[in-house]
Chemist: 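Sharing a structure here in structure tokens format.
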Amino acid sequence: MTSEAREAKGATAKGATARPELPKAYVPAEFEAGIYERWLAADVFAPDGAGSRADPSLPTFTIIQPPPNITGSLHLGHAQRTAVEDLYIRHARMRGHRTLFLPGLDHASIAAQYVLDKLIATEGETRESLGRERYLERMWQFINATREVMLTQQRGLGASVDWKRLRFTMDEGSAKAVRVAFERLYRDGLAYRTEALINWCPGCRTSVSDLETIPTPETGTLWTVRYHLIDPATGQPSPSETISVATTRPEAILGDTAVAVHPDDPRYSGFVGRSARVPFVERDVPIVTDAAVDRAFGTGAVKITPAHDPDDYELGKRHGLPMITVLDDAAAINDAGDGYTGLDRYEARRRIVEDLDARGDLVAATPHEMVVGRCQRSNDVIEPRLKTQWFVRTRPLAEAALAATRSGETRIVPARFDKVWEHWLTNIRDWNVSRQLWWGHRIPAWYCPDGHITVTSDPAGPDACEVCGRPASELVQELDIFDTWFSSGLWPFSTLGWPDATDDLRTYYPTSIMETGHDILFFWVARMMMLGLHLTDAPPFHTVVLSGLIRDERGVRMSKTRGNSIDPLDVMAESGADAMRFALIHGGTPGLDQRFGHQKLETGRNFANKLWNASRFVLGARPAGVPSDAERQAPDPDRLGLVERWIRSRTAATIEAVDRGIAEHLLPEVTRALYDGIWSEFCDWGLEMAKARLADASLSAAEREATWWTLVESIDTFIRLLHPVMPYVTEAIWAATPHDGADPELLVVASWPASTGRDAAAEEAVGEVLDLVRGIRNARAEANIEPGAWLAATVFAPDDVRSAVSALGSVIERLARVRPLTVAATGVAAAASAGALAVVTGRLEASLSRPATAGAATAEVATAGGVDRERLERELGLVEGRLAGARARLADPRFLERAPAHVVDGARASEADLAAQAASLRAKVGR
RNA sequence: GGGCGGCUAGCUCAGCUGGUUAGAGCACUUGCUUGACAUGCAAGAGGUCACUGGUUCGAGUCCAGUGUCGCCCACCA
């Protein structure tokens with residue numbers, strides 16, 4: 001039967017298509033898209049998909065994707081998120097777990113409005129000009145476009161998500177979860193409405209949380225202003241009696257309701273209890289004492305504006321001071337600021353300073369280093385301001401979150417973030433969840449004319465005021481929406497159907513790993529934890545894995561405005577998704593930021609290319625006796641030589657290292673183990689040794705087949721191990737490699753390899769021989785032997801390794817380019833023959849010379865002086881140095897006494913080897 | 001004002017619970033179209049592990065402190 005006929009028959013018999021050959025060139029763009037389509041067609045991503053091979057008796061493994069903001073396209077940070085999450089998911093899937101990787105998108109209310117406002121501005125529109133309804137229509141239109149871009153990017157990355165479970169924080173499921181969550185919190189006394197000092201962004205026209213207020217250092221001005229005391233006799237300000245206060249915000253004068261001094265400050269003791277007149281508004285305010293006043297700052301007297309400063313607010317509450325709001329939504333002066341009404345805050349400031357100066361009450365103006373809060377989104381200076389808003393009481397929620405991490409129920413990786421977590425949750429303040437925006441979930445609270453509050457999760461709203469029974473028709477719903485992070489905070493369970501007791505919730509919750517950037521630990525992770533524990537009675541995830549941020553090649557944080565952001569699609573088009581995933585994972589030390597640049601991508605692409613070509617070689621080296629459609633089989637254990645045993649042992653070592661890396665969440669260790677195992681060991685040595693075996697005519701056909709099956713086995717193992725990192729190239733190779741009956745059609749659902757165990761004897765013997773090969777190559781290079789020249793060699797080996805060296809003869813010949821090769825007992829030729837190159841490595845030695853040829857009697861290869869002394873002297877120096885070190889250590893009784901036995905034994909063995917090596921080298925150089 | 005992190009080869013970074021000679025990629029030098037791969041192969045050069053002190057038989061690794069860069073938290077007018 002011809003091979004073609006056999007292949008055709010095999011294909012027919014098994015009903016399978018013939019294995020394709022790997023194309024010669026590795027071009028990721030040519031196969032990546034097709035492979036993703038095959039995965040989708042086979043329905044292998046979903047835990048309950050038709051192609052799933054999960055073992056239902058194993059625990060489920062769930063990752064809910066941190067939903068990217070729907071405001072635009074994905075950047076490299078998202079790509080990194082996805083790469084890491086997909087690695088965990090693919091690994092768990094191959095281990096047979098039912099895995100759910102649930103994709104999603106976040107409506108990002110404030111960020112989305114910020115982007116859309118800019119967009120409609122180019123069309124000559126504003127939020128106000130459109131009105132709430134048309135604005136929201138416009139928003140949906142906008143996000144329906146961005147959504148497609150983002151989902152395309154996700155597919156390109158190779159994310160093995162369950163698309164039929166795709167969720168959005170503005171979908172009906174999320175809306176319901178938000179309503180129910182809020183009602184629960186309200187009924188449990190954990191959500192309340194009150195007037196409080198909040199952070200107001202005049203640009204976004206909304207309040208923002210403390211986290212969204214970025215403290216920004218700035219050089220401002222500290223103005224010293226004179227307030228006139230009231231003369232008790234006349235009730236009028238005294239021209240001469242004054243008290244000077246310092247302020248960085250003169251416009252806030254308009255809202256002053258007191259002047260405060262320290263109770264023990266002798267400078268002002270006479271003023272306490274009297275009144276001072278606030279300029280412009282001509283209001284008389286008391287001079288009060290409060291220990292919060294810093295006597296050393298400014299003049300030691302401070303003007304108090306309770307409605308516009310957090311310190312003043314607290315002080316005002318303590319002293320029962322009136323709170324006068326002087327700024328409107330746009331941060332212009334309102335009606336309370338008589339004479340300045342309508343002026344922008346900074347214009348008002350300028351005018352007030354001028355006017356104070358004109359009155360002669362401006363004492364000083366000095367530059368002042370200070371910190372102002374700016375809006376995370378718009379960068380506007382935040383104004384503290386009194387507003388009636390909804391808050392979530394965080395203290396009890398935070399305590400539960402702390403208990404979960406302290407007990408180890410939930411673990412944070414890397415562990416050092418525990419401290420940050422503890423500190424933040426211990427000092428947490430109540431969470432302002434009201435936003436005066438339109439794009440988001442409207443707060444389900446209704447108010448009746450008497451001011452009663454009714455909260456309900458019923459989408460139709462309440463029937464009546466739950467306090468006084470007024471009918472629904474008289475109630476008005478809150479206009480404010482929720483902070484976008486409120487819906488995100490429900491994400492791990494709202495996506496699984498909560499508040500309903502769905503199958504998904506029961507099966508996949510709590511989730512396994514929450515992987516995200518450390519920059520949103522508080523914004524998001526802490527809130528999911530707090531809300532999850534309260535609403536579902538379970539911590540929403542077992543492990544929090546915090547990744548670093550992606551920076552550009554110069555270490556600058558990537559952003560679109562800086563113009564240094566990279567579109568993952570561009571990267572993938574150029575280098576392939578695999579290369580990008582490898583680079584992102586390889587550089588992602590847990591919790592640390594990484595710089596990302598071209599060279600790292602090249603490393604990834606080259607690595608994929610290496611594996612591709614190694615696979616091509618192995619597949620092409622199939623011995624004649626093995627049919628092309630043969631099922632994959634383990635190599636015959638009775639026909640394994642040292643080379644095969646070494647390859648299998650090193651492959652097992654790679655499996656172990658990869659398993660360890662994943663278990664410990666040290667993903668760069670995973671890629672490092674794969675890179676070294678595949679490239680530096682398997683390709684550089686394993687394949688090269690195997691070539692010698694495959695070409696060795698003295699071996700039986702069965703032995704050569706065992707060699708080949710060993711290579712196939714390693715390739716098979718490597719593509720399985722590498723699949724979670726580089727899913728495409730490994731799947732492509734899988735299609736071309738032999739499989740057995742237990743293997744599925746697609747690698748994505750193949751089983752995870754198990755270590756076949758290490759072979760210490762083989763590793764040791766081959767290791768010694770490889771050292772010798774390196775030594776010979778080195779000597780040849782230094783002696784300027786032509787690379788192609790064959791030298792005759794005698795290898796001297798101690799008794800216990802001599803047979804191993806002999807068995808590896810063909811390997812040594814091929815790799816060191818020596819022939820003929822003779823193996824002799826150590827000590828047979830202690831002194832090198834004249835003109836021969838001497839090589840001493842570890843316990844092995846070699847002597848190299850020109851093979852005798854018909855025409856030339858000379859066998860000299862070394863430099864004119866016979867042995868090349870210089871090199872041997874240098875080696876001897878090194879060895880003697882190490883020997884001296886080893887002896888010094890062994891001479892120290894405290895070392896012998898206190899170091900553990902295996903360390904001492906190791907030192908003794910090393911001393912013996914070094915001594916022998918030194919003796920041999922000394923003999924060679926004639927010392 | 002607290003807290004955390006980085007500081008290791010020219011560049012970018014590994015180095016887990018302390019154990020002989022500190023690694024990789026890129027860049028560099030020399031030489032190779034060796035029938036898997038020039039997206040490659042071989043050989044090589046390059047580091048007082050920021051500094052000071054301590055613990056230890058032994059410190060890049062642990063402790064204390066210093067410097068420097070960066071990040072997080074924090075209501076001083």
Side-chain angles (χ1 to χ4, degrees), chain A residues 22 24-26 197 210-211 215 222 245-249 252 260 292-294 297-299 301-305 309-314 368 370-371 373 384 416-417 419-420 423-424 427 518-519 521-522 548-549 553 555 575 579 586-587 589 591-600 602-603 605-621 660-661 664 666 668-669 672 675-676 680 683-684 687-688 691 774 777-782 784 786-788 814-815 817 878 881-882 885-886 889 892-900 902-904 906-907 909-911 914:
Chain A
L22 278 185
K24 186 161 164 53
Y26 166 68
L197 208 61
D210 295 342
L211 282 175
L222 187 66
V245 296
T247 181
T248 55
R249 292 188 297 161
V293 177
D294 180 355
F297 188 88
T299 61
V302 55
K303 55 186 270 325
I304 301 299
T305 322
D309 182 276
D311 291 323
D312 294 4
Y313 176 70
E314 292 302 323
H368 182 60
M370 53 192 227
V371 174
R416 67 183 153 79
F417 283 98
K419 271 191 200 166
V420 187
H423 181 259
W424 192 75
N427 297 291
H518 64 70
D519 55 330
L521 181 62
F522 308 139
L549 278 32
E553 271 166 303
S575 308
H586 195 56
T589 304
L592 290 185
D593 295 354
Q594 65 166 311
R595 298 186 188 200
F596 192 87
H598 215 76
Q599 67 167 39
K600 296 188 176 180
E602 275 182 23
T603 303
R605 188 200 49 185
N606 294 352
F607 179 47
N609 179 65
K610 187 73 179 177
L611 177 67
W612 179 271
N613 281 296
S615 305
R616 278 183 54 230
F617 168 76
V618 169
L619 296 174
R660 206 177 315 125
E664 293 173 9
L666 297 172
E669 288 295 303
R672 192 195 52 72
Y675 192 92
D676 290 349
S680 311
C683 291
D684 288 352
L687 282 184
E688 295 306 319
K691 284 176 185 173
R774 266 186 285 260
R777 285 173 173 179
N778 175 338
R780 290 176 58 122
E782 292 206 22
N784 288 318
E786 320 80 87
R814 184 185 177 95
L815 300 191
R817 212 162 176 83
L878 271 174
R882 284 173 210 158
R889 210 169 18 258
D892 184 349
R894 289 177 307 175
F895 172 71
L896 299 175
E897 201 178 304
R898 304 195 188 179
H902 73 272
V903 174
V904 176
S910 152
E911 194 257 0
L914 287 167

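Below, chains carry the letters A, B, ... as their sequence lines are ordered, and counting in each starts from 1. Any value given below was found using the heavy atoms of this structure, including those in side chains, with hydrogens, waters and symmetry copies removed.
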Chemist: Please encode protein proximity along nucleotides 20-28 of chain B as a string of B, S and -, counting only heavy-atom distances under 4.0 Å.
Modeler: BB---BS--

Chemist: Taking 4.0 Å as the cut-off, does a side-chain nitrogen or oxygen of A/K419 come that near to OP1 or OP2 on B/C73?
Modeler: no

Chemist: I want to verify a distance call: between B/A77, B/C73, B/A14, whose nearest atom is closest to the A/L211 side chain?
Modeler: B/C73

Chemist: Rounding to an integer number of Å, can you tell me how far A/R780 CZ sits from B/G44 P?
Modeler: 14 Å

Chemist: Taking only residues two or more places apart in sequence, or in another chain, which ones meet A/E897 in a side-chain hydrogen bond (donor to acceptor under 3.5 Å, both in side chains)?
Modeler: none

Chemist: Tell me whether the NZ or CZ atom of A/K691 lies within the 45° cone about the ring axis of A/F617 and under 6.0 Å from its centre.
Modeler: yes

Chemist: Dot-bracket for RNA chain B: what is it, with Watson-Crick or G-U pairs under 3.5 Å, [ ] where a pair crosses earlier ones, and | for a pair to another strand?
Modeler: (((((((..((((.....[...)))).(((((.......))))).....(((((..]....))))))))))))....

Chemist: Do the side chain of A/N609 and the base of B/C37 come within less than 3.5 angstrom through a donor-acceptor pair of N or O atoms?
Modeler: no

Chemist: Taking the side chain of A/R774 as its heavy atoms from C-beta onward, which of B/C37, B/A43, B/G19 lies nearest to it?
Modeler: B/A43

Chemist: What distance, rounded to whole Å, do you find between the two C1' atoms, one in B/A64 and one in B/G46?
Modeler: 34 Å

Chemist: Would you indicate, yes or no, if B/G31 has its OP1 or OP2 atom less than 4.0 angstrom from a side-chain nitrogen or oxygen of A/N784?
Modeler: no

Chemist: May I ask you to verify if any side-chain N or O of A/T589 is less than 4.0 angstrom from the OP1 or OP2 atom of B/C13?
Modeler: no

